[in-house]
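Letters go in sequence order (proteins before strands), and every chain restarts at 1. As the structure is a prediction and not an experimental result, all values here were calculated from the model. FYI, side chains are in, hydrogens and waters are out, and symmetry mates aren't considered; it's all heavy atoms of this structure.
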Number of protein chains: 2
Amino acid sequence: MADEQVTAALLVIGDEILSGRTKDKNIGTVADFCADLGIDLKEVRVIGDEMQVIVDAVNTLRSSYGYLFTTGGIGPTHDDITADAIARAFGVELVINDEARRVLEERYGTVDVAPERLRMARVPVGGTLILNSVSGAPGFTIGNVHVMAGVPQVMQAMLEDLSGKLRTGRKWVSETVPCGVGESVVSAGLRAIQEAYPALKIGSYPHIGDRKVYAQLVIRGVDPEMVKKAAEEVRVLVDRLQNRHSVTI
Amino acid sequence: MADEQVTAALLVIGDEILSGRTKDKNIGTVADFCADLGIDLKEVRVIGDEMQVIVDAVNTLRSSYGYLFTTGGIGPTHDDITADAIARAFGVELVINDEARRVLEERYGTVDVAPERLRMARVPVGGTLILNSVSGAPGFTIGNVHVMAGVPQVMQAMLEDLSGKLRTGRKWVSETVPCGVGESVVSAGLRAIQEAYPALKIGSYPHIGDRKVYAQLVIRGVDPEMVKKAAEEVRVLVDRLQNRHSVTI
C-alpha cells in the first residue's frame with residue numbers, strides 16, 4: 001500500500017515533561033521512525049496527566065490523522081491514567097486482557113503479579129497488544145491509536161513491534177547543501193528555486209558554532225530525480241554566492 | 001503579582017522537527033524557564049511550516065492560556081512564515097518595524113541590510129521587540145504571544161530578555177525520593193498518600209539502567225511544608241517496602 005499519503009500525530013503524556021523534570025527523547029525517535037516508514041508526522045502535542053485533557057486530545061488527533069501514537073502513563077501507579085483515558089475516548093470498557101496477564105505472569109510468575117501490577121494488563125475492549133522485550137509490560141493498539149510507554153528504551157521496543165504492522169507511505173528523500181554564506185544572502189535565490197519546484201520542500205536551517213557553515217539547505221520530496229536536480233541548482237547558487245560575499249548572517 | 005496561577009503553552013514551528021532532521025531542544029528549555037518563574041506550562045504543540053495550521057494553533061493556544069511562546073520560523077528565508085502567520089492570527093498588518101531595522105543596521109551596517117535581511121525586521125503592528133544578544137535579529141511580543149527564534153542559543157537569549165517582563169505565579173517546589181523497589185510494589189501506598197494530599201501532585205517515574213533505583217517518586221506542590229511532610233511519608237513507605245521486598249519492576 002505504498003504511494004498513498006499516510007499521516008500521523010504523536011501525543012506525549014506526562015506532567016514530568018511539562019515541568020521540565022524530564023527532557024523528552026521520544027519525539028525525535030518517533031519522528032525518525034515515521035520518516036523511515038514514509039509516514040508523514042504532522043503534529044506533536046505534549047499534555048499533562050489529566051483525564052479530560054487526554055480524552056479530548058486523543059479524540060481530536062485520532063480523527064484528524066491516519067495514526068495516533070501516544071507515549072507515557074501506562075505504568076502501575078496512580079498517576080498512570082492513559083489506558084483509562086483511551087478507553088473513555090473510545091467509549092469502551094477497560095478490562096484485564098488475558099494475553100497481557102499471561103505476558104506479565106511469564107515475566108514475573110503468577111504469584112508476583114499483584115493487583116497493582118495487573119493494572120498494566122488493563123486494555124480497552126477491542127485493543128490488541130504491543131509487545132516490548134525490555135520490561136515485559138505491553139502497550140496496545142485500538143483503532144488507529146498506538147499506546148506506548150514513556151520510558152525511551154521501552155517505547156523503542158514497542159516501535160519495533162509495531163513497525164511491520166503499519167501502512168507505509170511514499171518515502172521522502174532529501175539532500176542537504178551546506179551553505180557558507182548567511183541566510184539573507186541566499187534567500188532570494190532559494191525562494192526562486194522553491195517556486196520552480198512547488199512539489200518539493202526546501203528548508204533553510206541556520207546554525208551557530210561552525211564558522212564556515214551558516215545554514216544547511218535541505219531539499220525534500222518524494223521524487224528522487226527531482227530532489228537531485230533542485231539540489232544541484234541550490235549547490236550552484238551557493239557556490240556562486242560564496243565566491244562573491246563576505247560571510248555574515 | 002505572585003500567588004496567582006499563570007499558565008502558558010509553547011508552539012514549536014518547523015518541518016525539520018517533525019521530519020526528524022532536527023531534534024528539538026527548546027521544549028525542555030522553555031519548561032525549565034517556566035518552572036523557574038512559577039509559570040504553569042500546560043501544553044506544547046509541534047507543527048509544520050504551514051500558514052493556516054500556524055494561524056489556527058496560535059489562535060487556539062493564545063485564547064486558552066495566559067501566555068503563548070512560539071519558537072521557529074522567523075529567519076530571512078521563504079520558509080520563515082511565522083511573523084506572517086502571527087499577523088494574520090491577530091488580524092493586523094505586518095510591517096517593517098523601525099526599531100528592529102535599527103537593531104539590524106547597528107549589527108550589519110546600513111548597506112548590508114538587504115531587502116531579504118529586512119524580512120527579519122517585520123513585526124505585526126502593535127508588537128514590541130524581544131532582543132537577542134546572539135544573532136541580533138529580534139523576536140517580538142504581541143498581546144500575550146512571545147515569538148522567538150528556533151536556534152536554541154538564540155531562543156535562550158530571547159528568554160533572557162523576556163524573563164523580567166512576565167507575570168510570575170506561585171512557584172512549585174518538589175522533593176524526589178529514589179525508590180529501590182518496583183513501581184508495582186510501591187503503588188498502593190503511594191496512591192494512599194496522594195489521596196491524603198489532594199493539593200499535591202505525586203508522580204512516579206520509572207527508569208532503567210540503574211539496578212538500585214527503580215523509580216523516582218516526585219512530590220510537587222506550592223506549599224513547601226506540605227511537600228516536605230508528604231515526602232517524609234513517601235520516604236517511610238519506601239524504606240519499609242525496601243526492607244521487605246526483593247527488587248522487581
S.K.: Gly28(B) and Lys23(A): which non-hydrogen atoms are nearest, and at how many Å?
M.R.: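 Result for this residue pair: CA-CD, 3.6 Å.
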S.K.: Within the structure provided, determine whether Val218(A) and Arg21(B) are in side-chain contact (heavy-atom separation under 4.5 Å).
M.R.: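 SC-SC contact between Val218(A) and Arg21(B) confirmed.
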S.K.: Need one label for Ile27(B): side chain, backbone, both or neither, based on atoms under 4.5 Å from any heavy atom in chain A.
M.R.: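 Interface part for Ile27(B): side chain.
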S.K.: Who wins among Ile202(A), Val151(A), Asp24(A), Leu10(A) for the most heavy-atom pairs under 4.5 Å with chain B?
M.R.: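 The answer is Ile202(A).
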S.K.: Which one of Ile17(A), Leu18(A), Val46(A) satisfies the side chain to side chain contact (heavy atoms under 4.5 Å, CB included) criterion with Leu41(B)?
M.R.: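 Looking at Ile17(A), Leu18(A), Val46(A), the match for Leu41(B) under the side chain to side chain contact (heavy atoms under 4.5 Å, CB included) is Leu18(A).
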S.K.: Please step through side-chain contact (heavy atoms from CB on, under 4.5 Å) for the pair Ser184(A) and Arg119(B), ending with a clear verdict.
M.R.: CA-CA 9 Å; Ser184(A) 294; Arg119(B) 270 177 69 82; over 6 Å; no
S.K.: So which part of Val53(A) gets closer than 4.5 Å to some heavy atom of chain B, the side chain, the backbone, both or neither?
M.R.: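 Contact with chain B is absent: no heavy atom of Val53(A) under 4.5 Å.
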S.K.: Should Lys201(B) and Glu16(A) count as an ion pair when the cut-off is N to O under 4.0 Å?
M.R.: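 No, this pair does not count.
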S.K.: Chain B heavy atoms under 4.5 Å from Leu190(A): which part of the residue, side chain, backbone, both or neither?
M.R.: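 The answer is both parts of Leu190(A).
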S.K.: Could you have a look at Asp32(A), Thr29(A), Asp40(A) and say which one has the most heavy-atom pairs with chain B under 4.5 angstrom?
M.R.: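 Highest number of pairs under 4.5 Å: Asp32(A).
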S.K.: Side-chain contact, heavy-atom cut-off 4.5 Å: Glu50(B) with Lys42(A)?
M.R.: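 Side chain of Glu50(B) against side chain of Lys42(A), heavy atoms only: contact under 4.5 Å found.
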S.K.: With a 4.5 angstrom heavy-atom cut-off, is it the side chain or the backbone of Leu11(A) that approaches chain B, or both, or neither?
M.R.: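 Neither part, no heavy atoms under 4.5 Å.
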S.K.: Is His78(B) reaching over with its side chain to a backbone N or O of Glu195(A), donor-acceptor style, under 3.5 angstrom?
M.R.: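 Checked: no pair found.
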S.K.: Looking at chain A, which one of Ser187(B), Gly20(B), Ala31(B) has the largest number of heavy-atom pairs inside 4.5 Å, strictly under?
M.R.: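 Most pairs with chain A among the choices: Ser187(B).
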S.K.: Less than 4.5 Å apart, any side-chain heavy atom of Thr77(A) and any of Tyr205(B)?
M.R.: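 Counting from C-beta outward, Thr77(A) and Tyr205(B) never come under 4.5 Å.
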S.K.: Does any heavy atom of chain B fall under 4.5 Å from the side chain of Arg220(A), the backbone, both, or neither of them?
M.R.: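 Contact with chain B is through the side chain of Arg220(A) alone.
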S.K.: For the side chain of Asp79(B) and the backbone of Ser204(A), is there at least one donor-acceptor N/O pair under 3.5 Å apart?
M.R.: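 Indeed, once roles are kept as given, a pair shorter than 3.5 Å links the two residues.
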S.K.: Between Glu43(B) and chain A, which part of the residue has a heavy atom less than 4.5 Å away: side chain, backbone, both or neither?
M.R.: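 For Glu43(B), the contact with chain A is made by backbone and side chain together.
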